[in-house]
Novice: 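Let me give you the structure first, and then I'll get to my questions.
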Amino acid sequence: MSHSEQEEQKVGQASFRVWVQRDSFLSVVVTILSMLTAIVGYQAAMTNSRAGRIALQAQRVLNEANGELTDAGQIQVMDFNAFVAYQQDGGATGERVGMYEALFSDFLMASLAEGNNENPFTEKYEDELLATAWVCLADSDELFALGGDVRTLAERYQLVLFVYALGLAFAAWASLAKGRERLRFNFIMLALLFLLVGLVVYGQVWWQGLGTDTNFVSECLATLLGE
């Protein structure tokens, strides 16, 4: 590189340093960082709130599943006791049949209607008896997993918020270092660095958020409560 080219490079670098250290440029950097901090802070709060709602719904569905399992267990015990009494009564006839059938659940009646008179407590009987409970358990698993994904997304928004906050801190120090050009320039460059890093991470988090479907409809709640 010739001497003239070196001089031109030095002049260009000096002009860049002067331009970067202008108050107008620093004001633009602070404005951009402040706006992005506010936007990301709002998104982090909304995402965290959404994760909390999903976790509550998951717990609610899990409670419904436990309730269904308990009810199914009670129905099975009552069916078993009623069927044993029915067998001990010699199968019963006439009006006594109706008395026993009134004690049988719909699941037991369906199994008997299929010809399972000796042992109506088949695998199909248990599957139908526990069908709603299994649906609720599956829904709760999906909701807990979804809540974890959304919580992770909220934490990544917090990371972006932290990066932008560091950028604002360095921009603030740059505004206080007017009489020290080298220090002011370094602080401004650090603020720009954190701005760029924040934009990259924010883009990744935003893209991840697009792939996270939070509109989960619980078949369990729809079946039991009509929601």
Side-chain angles (χ1 to χ4, degrees), residues 43-158 204-227:
Q43 289 179 314
M46 292 297 293
T47 305
N48 192 60
S49 175
R50 189 178 301 117
R53 291 197 300 271
I54 293 173
L56 288 175
Q57 187 178 21
Q59 188 61 54
R60 181 185 178 191
V61 173
L62 181 60
N63 291 338
E64 293 291 345
N66 291 332
E68 285 296 311
L69 286 172
T70 301
D71 291 345
Q74 293 175 346
I75 290 173
Q76 191 168 25
V77 170
M78 292 174 64
D79 276 349
F80 182 79
N81 291 335
F83 184 72
V84 169
Y86 172 75
Q87 284 188 319
Q88 290 176 347
D89 198 15
T93 57
E95 295 182 357
R96 297 180 65 82
V97 174
M99 180 187 70
Y100 284 109
E101 288 182 348
L103 299 175
F104 295 165
S105 70
D106 293 339
F107 307 103
L108 181 56
M109 290 294 294
S111 182
L112 290 171
E114 293 177 354
N116 301 310
N117 297 319
E118 295 298 324
N119 180 21
F121 302 101
T122 61
E123 184 176 345
K124 183 179 180 181
Y125 165 86
E126 293 185 356
D127 289 342
E128 292 179 351
L129 180 63
L130 298 170
T132 304
W134 296 145
V135 169
C136 291
L137 284 173
D139 281 2
S140 68
D141 287 343
E142 288 192 46
L143 282 167
F144 277 119
L146 177 61
D149 292 341
V150 177
R151 183 76 66 186
T152 299
L153 191 64
E155 291 172 354
R156 296 200 66 188
Y157 274 125
Q158 292 290 343
Q204 294 175 344
V205 177
W206 179 78
W207 183 257
Q208 180 185 351
L210 288 180
T212 304
D213 185 9
T214 59
N215 298 318
F216 180 84
V217 177
S218 172
E219 185 179 347
C220 171
L221 296 181
T223 301
L224 296 177
L225 306 176
E227 295 184 7

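All heavy atoms count here, side chains included; hydrogens, waters and symmetry mates do not.
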Novice: Got a sec: does the CG of Asn119 have more than 12 other heavy atoms crowding it under 6.0 Å?
Specialist: yes
Novice: Please name the pair of heavy atoms, one in Pro120 and one in Leu112, separated by the smallest distance, quoted to 0.1 Å.
Specialist: CB-CD2, 3.8 Å
Novice: Please round to the nearest 0.5 Å and tell me the distance separating atom CG of Leu143 and atom CZ of Arg53.
Specialist: 13.0 Å
Novice: CE/Met109 to CG/Leu103 distance, rounded to the nearest 0.5 angstrom?
Specialist: 11.0 Å
Novice: Show the nearest heavy-atom pair for residues Cys136 and Ala65, with the distance to one decimal.
Specialist: CB-CB, 3.4 Å
Novice: Is the closest side-chain heavy-atom distance between Lys124 and Glu128 below 4.5 Å?
Specialist: yes
Novice: Closest approach of Leu153 and Gly209, non-hydrogen atoms and distance?
Specialist: CD2-CA, 3.7 Å
Novice: On a heavy-atom basis, which atom in Leu129 and which in Ala72 lie closest, and how many Å separate them?
Specialist: CD2-O, 3.5 Å
Novice: First locate atom CD of Glu64, then atom CG of Asp71, and finally report the distance between them rounded to the nearest 0.5 Å.
Specialist: 9.5 Å
Novice: Within the structure provided, determine whether Gln59 and Phe144 are in side-chain contact (heavy-atom separation under 4.5 Å).
Specialist: yes
Novice: Would you kindly say whether Tyr125 and Asp79 are connected by a side-chain donor-acceptor distance under 3.5 Å?
Specialist: yes
Novice: Hey, what do you get for CG (Leu137) to CG (Leu69), rounding to the nearest 0.5 Å?
Specialist: 5.5 Å
Novice: Could you tell me which non-hydrogen atom of Arg151 sits nearest to which non-hydrogen atom of Ala51, and how far apart they are?
Specialist: N-CB, 3.8 Å
Novice: For Ala45, does its backbone N or O pair with a side-chain atom of Ser49 as donor and acceptor, under 3.5 Å?
Specialist: no
Novice: Where do Ser140 and Ala58 come nearest, in terms of heavy atoms and distance?
Specialist: CB-O, 3.8 Å
Novice: Do Thr152 and Arg156 pair up side chain to side chain, a donor and an acceptor below 3.5 Å, judged on atom types alone?
Specialist: no
Novice: Is there a side-chain contact between Leu108 and Ser105, using heavy atoms and a 4.5 Å cut-off?
Specialist: yes
Novice: Would you call the rings of Phe121 and Phe80 parallel, tilted or perpendicular, taking 30° and 60° as the class edges?
Specialist: tilted
Novice: Report the distance from atom CD of Glu126 to atom CH2 of Trp134, rounding to the nearest 0.5 Å.
Specialist: 9.5 Å
Novice: Drop me the distance from Gln57's CD to Arg60's CZ, to the nearest 0.5 angstrom.
Specialist: 7.5 Å
Novice: In terms of the angle between their ring planes, are Tyr86 and Phe104 parallel, tilted or perpendicular, with boundaries placed at 30° and 60°?
Specialist: perpendicular
